[in-house]
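All remarks here apply to the structure that follows.
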Amino acid sequence: MPDRNKHSEAGYIGEEFFAEREKDRLHKCLVVEQAISEGYFSFDGALAAYEMDREEYEQYIAKKSSDAIFSSISGTTFAIEEKVSQPVYFEIFAKMVGNSSKTNDIDIKLERKLKRIEQQLLGISKEIGEVRSGSKEKA
Amino acid sequence: MTPVNKNDLLQIEALGFSIPGNRGGFLDFLRQHLPDLRLKDFVSEIDSQLSQLTSATLFKELDFFEKEPPTLMLQYFSEDENDEKTGLGFARTFIKYPSELVVDHDFFRLPERYRRQGKGKALILTCLKYYLECGVSRVRVDAGLENGGLVWAKLFFAATDKSEIEVILEDARLSLTTVQYLAVKNVYDVYYNRLSEGRDFPMALWSRLPGMGTILQKSHWHGELDLTDQKVLTKFNLLN
C-alpha cells in the first residue's frame with residue numbers, strides 16, 4: 001500500500017502538459033497575462049520580470065482576440081493568419097458590422113447580435129492598440 | 001444521473017476491484033454522498049489506461065468511511081509500487097464535507113518506461129472530467145515528489161500554507177540575484193497585502209520567473225486546484 005506520509009503526485013505526470021514547445025510558450029503567455037490582469041505587475045513590468053518577448057506576447061493577445069471573435073460569430077474557433085490580427089483589421093470589420101446593422105432589412109434579433117460583435121471588435125482593437133503603443137513608447 | 005446500482009458494483013468487481021463490506025452498505029454510501037459520481041465508468045477508464053502499463057500483479061481497492069467527513073478511497077497499484085523505476089501507483093480520495101466535495105490526489109507513479117508519453121496527462125484529464133461531472137470543487141495535492149513542486153505550480157495549483165511559501169521565498173532570497181528576487185517578492189507582497197491569511201497563493205506566477213524553476217523543483221508545498229474557477233479550467237483546456 002502507498003505510504004501517504006511519504007508520497008505524493010510525481011511531477012513528471014504534470015510535465016506531460018508542457019512536453020510540446022508550443023504549449024510551454026503558451027503557458028508563459030498565460031502566466032504573464034494573469035500577472036498583468038490581476039495587478040501583480042504593470043504591462044512593461046511583467047514583460048521585464050518574466051523576460052517575455054514583447055512581440056510574442058502581442059501575437060498571443062492577437063491570436064486570443066481572433067479566437068474570441070470567431071468563436072462568437074461561428075460558435076467555433078480556428079486559426080487565422082497573423083496579418084489579420086491587427087487593430088486596423090478589427091476596426092474595419094467593426095465598421096462593416098456596424099454599417100450592416102443600420103440597414104432596414106435586418107431583423108431586430110440579428111441587429112442586436114451584430115451590435116454586440118461590433119462592440120467586441122472595437123474593444124479588441126483598442127486592446128491591441130494599447131499593446132502596440134506600449135511597444136512604441138519603449139522603443 | 002442514474003444512481004449507481006448493484007449491477008454496476010458487479011461490473012466493478014469483475015474488473016478486479018475489491019469492494020469493502022456488503023454491497024448494500026456501499027450502494028447506500030455512494031447514493032447518499034456521491035450521487036453524481038459514475039463510479040463504474042470512472043474505475044473502468046482508470047483500469048483501461050493503467051492495467052497495460054505493468055506486468056506485475058495489480059491490486060485494485062475501493063474503501064469507504066462513513067465517519068465525518070464521509071470518504072471514498074480508490075487505490076490502484078502494482079505489487080512493486082514502491083520501486084521508483086517499475087512501480088505503478090494511483091490513489092485518489094473523495095472527501096464529502098458539509099459544503100463541498102474535495103478530491104485528494106494522494107499518489108500517482110508511472111513505470112519509468114511509460115513516463116512523458118502523455119499517459120499521465122490523459123489520466124489527469126479523465127479524472128477532471130469525472131470530478132467536474134460529480135461536483136468536485138477542489139483538488140488537493142502534496143507537491144514535492146520528483147519535481148512536483150515546480151510542475152504543480154505551473155499547472156495553476158495554488159499554495160494554501162503561507163509558512164511553506166515563506167520557506168520558498170527565503171530560498172529565493174538566498175539563491176537569486178537581487179533583480180530576480182525583487183520580482184519574486186513583489187508577487188508575495190501584492191498577494192499577502194490583499195489577503196494576509198490567503199490560502200490560494202498563485203504559484204504559477206512564481207513558476208515562470210527567472211531562477212524559480214530550480215528553486216521550485218526542490219520545494220515542498222500543499223496546493224489546491226479550484227475547479228469552480230472558470231479561468232483555471234480555461235487554462236487547462238488551452239494546455240490540453
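Lettering follows sequence order; numbering is per chain, from 1.
Chosen from B/Pro202, B/Ala204, B/Ser207, B/Gly120, the residue pairing most often with chain A at heavy-atom distances under 4.5 Å is B/Gly120. Highest contact tally toward chain A, considering only B/Lys154, B/Lys235, B/Gln180, is held by B/Lys154 [criterion: heavy-atom pairs under 4.5 Å].
Two residues are said to be in side-chain contact when any heavy atoms from C-beta on lie closer than 4.5 Å; A/Phe41 and B/Val190 fail this criterion.
With hydrogens and angles ignored, the 3.5 Å screen pairs no side-chain donor or acceptor of A/Tyr40 with any backbone N or O of B/Tyr191. In this structure a side-chain-to-backbone donor-acceptor pair under 3.5 Å is present from A/Lys23 to B/Leu238.
In B/Lys129, the NZ atom is crowded: over 12 heavy atoms of neighbouring residues, nucleotides or ligands sit closer than 6.0 Å. Counting heavy-atom neighbours within 6.0 Å of B/Arg199 CZ, excluding the residue itself, gives a total of 12 or less. The environment of B/Glu170 atom CD is dense: over 12 non-hydrogen atoms of other residues, nucleotides or ligands sit within 6.0 angstrom. Counting non-hydrogen atoms of neighbouring residues, nucleotides and ligands closer than 6.0 angstrom, the CZ atom of B/Arg194 exceeds 12 such neighbours.
Using a 30° and 60° split on the angle between ring planes, A/Phe17 and B/Phe236 fall in the perpendicular class, above 60°.
When each of A/Val32, A/Asp24, A/Leu30 is paired with B/Arg208, the side chain to side chain contact (heavy atoms under 4.5 Å, CB included) condition holds for A/Asp24 and for no other.
With a 4.5 angstrom heavy-atom cutoff, B/Leu125 touches chain A only via side-chain atoms. When heavy atoms are compared at a cutoff of 4.5 Å, A/Ala49 approaches chain B by way of both its backbone and its side chain. The contact between B/Leu239 and chain A is made by backbone and side chain atoms together, counting heavy-atom distances below 4.5 Å.
Contact between A/Phe18 and B/Val151 at its shortest, heavy atoms only, is CE1-O, 4.5 Å.
Rounded to the nearest 0.5 Å, atoms CD (A/Glu16) and CZ (B/Arg115) are 10.5 Å apart.
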